[in-house]
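Take a look at the structure below.
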There are 2 protein chains.
Amino acid sequence: MSLQHGILGLLSYKSMSGYDLNKVFNESINHFWSAQLSQIYRVLGNLEDKGYVSSQVEHQEGRPDKKIYSITDEGKKEFRNWMNDNPEQLLSPIRDEFMIRIFFSSLLPKEETIFQLERYNKQAQELLKHCHSEDQVIDKYAEELSLPNDKLYWRLTLKKGKMITEALVRWSEECIEELKQAQKEHQK
Amino acid sequence: MSLQHGILGLLSYKSMSGYDLNKVFNESINHFWSAQLSQIYRVLGNLEDKGYVSSQVEHQEGRPDKKIYSITDEGKKEFRNWMNDNPEQLLSPIRDEFMIRIFFSSLLPKEETIFQLERYNKQAQELLKHCHSEDQVIDKYAEELSLPNDKLYWRLTLKKGKMITEALVRWSEECIEELKQAQKEHQK
DNA sequence: GGAGACATGTAAGTGGTTACATGATTCC
DNA sequence: GGAATCATGTAACCACTTACATGTCTCC
């Protein structure tokens, strides 16, 4: 459901091919909803079957043909309905494999868990750096699509990304600290 | 994969029926990996097919029979292998429908978005309260199963839950603040 | 008398991943 | 010569959700 509506939302900004959509997606919705290109193509097919988008082939010299998708009036209606119909439960279910590993880490030597937490911390810091560079991307898109009203909301989603990622960085640091402490206690 | 290994992990603590497993699951792994009871039954079936768990039926007076699952040596080996084999990418992909809605919220009146953010904030606070009450659950299980070494790691997963949820509470508050501000600017 | 705990599962459907298939052009 | 970009998709498989099916006991 969500991916479908995310794609409808992007197409309401601008008609695009699946390939281009994927690029825009990766710089926006992908931060809170991951998707493979193949899945995007499938969803576009489904949306077309339902009449929410229409497509038209654009011939290109020296490059493969493009299939440009546009949102239909039906699609716009569907998207607006979805936007107006929030679920009871707003918090999304969590699926965090790494936490399962941490949960059962008494099986492993503490050094190994510390090592993995350090990797985790590095990846979180990397992601945080990436988040900080996204401010410019927002400016770029807001200008390109001339949608100044949307910038505010895009920033709010980015802000969430930053805050969560900062929490992950801090969490993993504190975990490492605690485990090192526990190691010392044990050596005494 | 993860659910399978989470279940193997819990069964390595203690043999249980699917029904009991579900209860333990809901007070532990469910905080970072959600699952329906029906899915747990199916995974148990798969694990049995693979020889990672074995089952034996326990007859009960006045209550339905129980099917007690136990982890096999094969299962223990599989679980340990999984624990030793961390993926490259430790950060889990995000799937957050609410963020898609925020992203496209320029479509809606600001009051509506504020209203939904307030609901979000309330739910996050509710969850945070719940997290704080979990400390006792950890103590209870550690004693019941006499696994004092595991408590440390269980606490680390709980800590992550708290930190993330605190970030969600703060984020939604700041969003509401920003939107109210934007509303005022507009009225001028 | 009804709700909820106890207990097990199947069936249908959805949404997603990974791998595969094709083939030209451009840049290093 | 090889990798990356451009461009489209299908097929097989997997994990998960929702709804359905069954039936007893206990507590209010």
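Per chain, numbering begins at 1; letters A, B, ... match sequence-line order. Only this structure's heavy atoms are used, side chains among them; waters, hydrogens and symmetry mates stay out.
- Distance, L37(B) CG to dA21(D) P: 18 Å, rounded to whole Å.
- As a whole-Å value, the separation of Y41(A) OH from dA21(C) P is 18 Å.
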Using a 4.0 Å heavy-atom cut-off to protein, can you give one letter per nucleotide of nucleotides 11-20 of chain D, 5' to 3': B if the base is in contact, S if only the sugar-phosphate is, - if neither?
----SBBBB-
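- When heavy atoms are screened at a 4.0 angstrom cut-off, G18(A) is found touching the sugar-phosphate backbone but no base atom.
- Mapping K67(B) and K23(B) onto DNA chain C by nearest heavy atom places K23(B) at the nucleotide closer to the 5' end.
- Closest contact between the side chain of Y19(B) and the listed nucleotides dG9(C), dA7(C), dT8(D) involves dA7(C).
- In this entry the distance linking NE2 of H5(A) with C1' of dG15(C) reads 14 Å, nearest Å.
- Between Q183(B) and E111(B), the side chains place a donor N or O and an acceptor N or O closer than 3.5 Å (distance only, hydrogens not considered).
- The closest side-chain donor-acceptor pair between E112(B) and Q116(B) falls under 3.5 angstrom.
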Apply salt bridge (charged side-chain N to carboxylate O under 4.0 Å, His left out) to the pair K159(A) and E178(B), showing each step before the final yes or no.
CA-CA 12 Å; K159(A) 184 185 204 154; E178(B) 264 189 62; 2.9 Å; yes
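- One can place NZ of K66(A) at 18 Å from C1' of dG23(C), the figure rounded to the nearest angstrom.
- In this structure, E48(B) places its CD atom 13 Å from C1' of dT8(C), rounding to the nearest Å.
- Between Q89(B) atom CD and dT17(C) atom P there is a gap of 14 Å when expressed in whole angstrom units.
- Of the charged side-chain nitrogens involved, at least one lies within less than 4.0 Å of a carboxylate oxygen, so that D96(A) and K160(B) count as a salt-bridged pair.
- For E173(B) and R170(B), the salt-bridge test fails: no basic side-chain N is under 4.0 Å from an acidic carboxylate O.
- As a whole-Å value, the separation of D65(A) CG from dG23(C) P is 15 Å.
- A salt bridge is defined here as a Lys NZ or Arg NE, NH1 or NH2 lying under 4.0 Å from an Asp or Glu carboxylate O, and D135(B) with K151(B) fails to meet this definition.
- Apart from L37(A) itself, the hydrophobic cluster it occupies contains Y19(A), Y41(A), where clustering links Ile, Leu, Val, Met, Phe, Trp and Tyr at side-chain heavy-atom distances under 4.5 Å.
- With rounding to whole Å, N22(A) atom CG is found 17 Å from dA4(D) atom P.
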